[in-house]
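In what follows, a structure is listed as structure tokens, so that the remarks can point back to it.
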There are 2 protein chains.
Amino acid sequence: MNDSSKILKILKKAPLFENCDPERVALFATQSSIISVEKGQMLFVHEEPAKRFFLILDGWIKTFRETLDGGQVIVDILPAGEIFGETSLFEGEFYPYSAEAVESSRLISMPLSLLKTEIDQDPKMISAMLTNMARIRREQDRELEHLKIQNAPQRIGCFLLRLTKQEEEGQVKIQLPYDKSLVAARLGMQPETFSRALAKLKDATGLEISGSTILLQDIKQLIHYSCSACSSEFPCKDLTEKSGCNL
Amino acid sequence: MNDSSKILKILKKAPLFENCDPERVALFATQSSIISVEKGQMLFVHEEPAKRFFLILDGWIKTFRETLDGGQVIVDILPAGEIFGETSLFEGEFYPYSAEAVESSRLISMPLSLLKTEIDQDPKMISAMLTNMARIRREQDRELEHLKIQNAPQRIGCFLLRLTKQEEEGQVKIQLPYDKSLVAARLGMQPETFSRALAKLKDATGLEISGSTILLQDIKQLIHYSCSACSSEFPCKDLTEKSGCNL
DNA sequence: TCATGAAATTGACATTAGTCAAGGAAGAGT
DNA sequence: ACTCTTCCTTGACTAATGTCAATTTCATGA
């Protein structure tokens, strides 16, 4: 099986393409390529002219911006199944953030120009784009709420809860998907604050920490602790819907 | 001129409809009505089944949610020209927030059911919807960045800057559009913090405060103070593009 | 097994924001 | 002009988070 047909097979299952005309998806496949990136490698830089967008096959991609006084703000840490760079279409064809692999990752790289022309011609694709955009908007919305009203331990608790499977109950084992300092940055706090807040969470809910593995004695305790300062009970609605993650 | 033709005239200029088939816009006009709401009046409640969405003609609409432990989180304070409630389409037809008039306001009330059917039939409309969604996503993105890295005085400074016209230079007079305590809530801080942070901003940039009027001696000073902790120079890119505000 | 470096934790302290309570200003209506 | 009421400000204090520096832990490869 060559690269193009391999890509086609993957794209057909991706949320952005699944309902689209197969011939159009094939067009994407022929103009795309699978690329591998090392940990730390940049994919593109904020405000650079945008040529391509990406679908993550595996690994983790960090999107971020730098402030004028030299700070770094994480936009998101994206898992397999997510696309990124596609919003450049609405930003004058410049990337609205930088992107870097935080683990060795494999991606499908696709031309933005094609997305731009296809979006105007295939209502199915524009519809998928809108659905995806609505999903991200909802997540941003939740995140804004959390930054405004949850404290550091509660934000960590919420992050942990979102790593569990929905059907899990009672004792749950969680594996942090990447470095603690990266989780901290993702949640908008310092590594030191993360460390101390996690300890506070341990005292408050009885969870056990060993390295990057966290064992919840009872998930309900954590839900009670974190979700009380949130506008919806766990599981958050955005989790119960289909995400971009099932390739 | 009757209500329906008055509405039609307005809708034709609204971002969501301007490029759409005029016959379809007329369909909206016939099924819509202009409503007036008093200050404090609720338009809908979070998680209620969503029947209608709204276009603001004048006044200010607050969207917000309540947390389980009784707090209130402001989602946004929307000006004339904005639509709201339309995202219910992507939330299982429940409102994703509550909405209340913070000033006496006039609105066009439209049925969501119509939006739902039309969106599937008119690519122009779905395209407008996507453009609008992308705009809001960009604003949320900026807001997330600000919450993560700007302190209270900087966030206020940024809020003030966004109230100025882009071409203004040097001395600029700003009128706060609504109560200070509401601005505070909008920016995710307590009224006391707002009051003190504004005083700090005054010391740092030499602005003058008298009631709800703020006089900047030199807008550049404020830009330097606020935008240094931001990833883009003023004027923010989202301001230079067309917003939903020009009815 | 040891050496190395990165990540994580901890302590001490500074800064920032929140809380509670009291007092003052401003506007609406009599 | 006066009295509400509501909003705003200020003070005193507490709590949360950030900063800087010093260790400690841990994974990794020599």
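In what follows, chains are A, B, ... by sequence order, proteins preceding strands, each numbered from 1.
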Query raised in the report: Of A:Lys148 and A:Leu182, whose nearest nucleotide on DNA chain C comes first from the 5' end?
Result: A:Leu182
**Report entry** Atom-to-atom span, CG of A:Asp179 to P of C:dG5 - whole angstrom
**Finding:** 18 Å
Requested in this report: Would you please confirm or rule out a distance under 4.0 Å between OP1 or OP2 of C:dA8 and any side-chain N or O of A:Ser195?
Outcome: no
**Report entry** Charged N-O contact under 4.0 Å between B:Glu139 and A:Arg137
**Finding:** no
Report summary line: Taking for B:Gln190 and for B:Lys200 the nucleotide of DNA chain C with the nearest heavy atom, the one nearer the 5' end belongs to B:Lys200
Query raised in the report: Does any N or O donor sit under 3.5 Å from an N or O acceptor when you compare the side chain of B:Glu192 with the base of D:dC8?
Result: no
Query raised in the report: Nearest-Å distance, CD (B:Gln150) to P (D:dT17)?
Result: 19 Å
Query raised in the report: Separation of B:Lys180 atom NZ from C:dA25 atom P, in whole Å?
Result: 13 Å
Query raised in the report: What integer distance in Å separates B:Leu201:CG from D:dT9:P?
Result: 13 Å
Query raised in the report: Would a distance-only check, ignoring hydrogens and angles, find a side-chain to backbone donor-acceptor pair under 3.5 Å from B:Arg155 to B:Gln150?
Result: yes
Report task. May I ask you to say whether A:Glu82 pairs ionically with A:Arg135, meaning some side-chain N is under 4.0 Å from a carboxylate O? Result -> yes
Query - No-H, no-angle donor-acceptor pair, B:Arg196 side chain to C:dT15 base, under 3.5 Å - result: no
Query - Closest-nucleotide ordering on DNA chain D, the 5'-leading residue of A:Gly188 and B:Ser181 - result: B:Ser181
Query raised in the report: In terms of the angle between their ring planes, are A:Tyr178 and A:Phe159 parallel, tilted or perpendicular, with boundaries placed at 30° and 60°?
Result: perpendicular
Report task. Give a yes or no answer on whether the side chain of A:Thr205 reaches the backbone of A:Lys202 with a donor-acceptor pair at less than 3.5 Å. Result -> no
Report task. Looking only at side-chain atoms of A:Asn151, point me to the closest of D:dT9, D:dT17, D:dC7. Result -> D:dT17
Query raised in the report: Roughly, in whole Å, what's the span from CE in A:Met189 to C1' in C:dT15?
Result: 18 Å
Query - Rounded distance in Å - CG (B:Leu147) to P (C:dA17) - result: 11 Å
Query raised in the report: Rounded to the nearest Å, what distance is computed from the OH atom of residue B:Tyr178 to the P atom of nucleotide D:dC8?
Result: 12 Å
**Report entry** Whole angstrom value for the distance that separates P of D:dG18 from CD1 of B:Ile149
**Finding:** 13 Å
Requested in this report: Look at all strands and tell whether B:Ala197 reaches a base, only sugar-phosphate, or nothing, counting heavy atoms closer than 4.0 Å.
Outcome: nothing
